[in-house]
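Please read the structure below before turning to the comments.
Computed from a prediction, not measured in an experiment: that's the story for all the values here.
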Amino acid sequence: MVATSPDIGLIHLGRAEANGSTSVQGEDGDYLHHSDHLDVLVRDDLPGGVRVISQLLQHHQAAETAILKHVEKPHERIAVIDLHV
């Protein structure tokens with residue numbers, strides 16, 4: 001996957017895959033959408049990839065609880081860039 005950004009130019013991210021979502025059962029018995037899961041393989045430029053992902057999350061008005069983390073142990077979290085500052 002290749003992404004472009006006016007701030008950082010062309011980035012070779014690798015690939016992205018949607019791999020599921022989570023629903024929870026509400027008090028009335030109906031299922032409510034809870035979260036989506038997306039795997040993104042970033043190659044070569046982790047800071048640039050995180051910036052593009054942060055822009056995407058902001059554009060789609062993702063919840064403030066959205067997190068990024070490494071897939072390999074110890075699964076450290078990666079800070080989402082606050083683009084409002």
Can you tell me if Gln25 has over 12 outside heavy atoms packed within less than 6.0 Å of its CD?
yes

Where Arg77 and Ile67 come nearest, the two heavy atoms and their spacing:
NH1-CG2, 3.5 Å

Which heavy atom of Asp28 sits nearest to which heavy atom of Asp30, and what is that distance?
OD1-N, 3.0 Å

Rounded to the nearest 0.5 Å, what separation is found between the CG atom of Leu46 and the NE2 atom of His70?
6.0 Å

Counting only heavy atoms not in His75, do more than 12 sit closer than 6.0 Å to its NE2 atom?
yes

Separation of Glu27 CD from Leu32 CG (nearest 0.5 Å)
9.5 Å

Connected via hydrophobic side-chain network under 4.5 Å: Leu57 and Ile78:
yes

Separation between OG of Ser23 and NE2 of His33, rounded to the nearest 0.5 Å:
6.5 Å

With clusters defined by side-chain heavy atoms of hydrophobic residues (ILVMFWY) lying less than 4.5 Å apart, directly or transitively, does Leu56 cluster with Ile53?
no

Roughly how far, to the nearest 0.5 Å, is OG of Ser54 from CG of Leu68?
6.0 Å

Distance col, row Gln58:CD vs Asp82:CG, nearest 0.5 angstrom, shows 8.0 Å

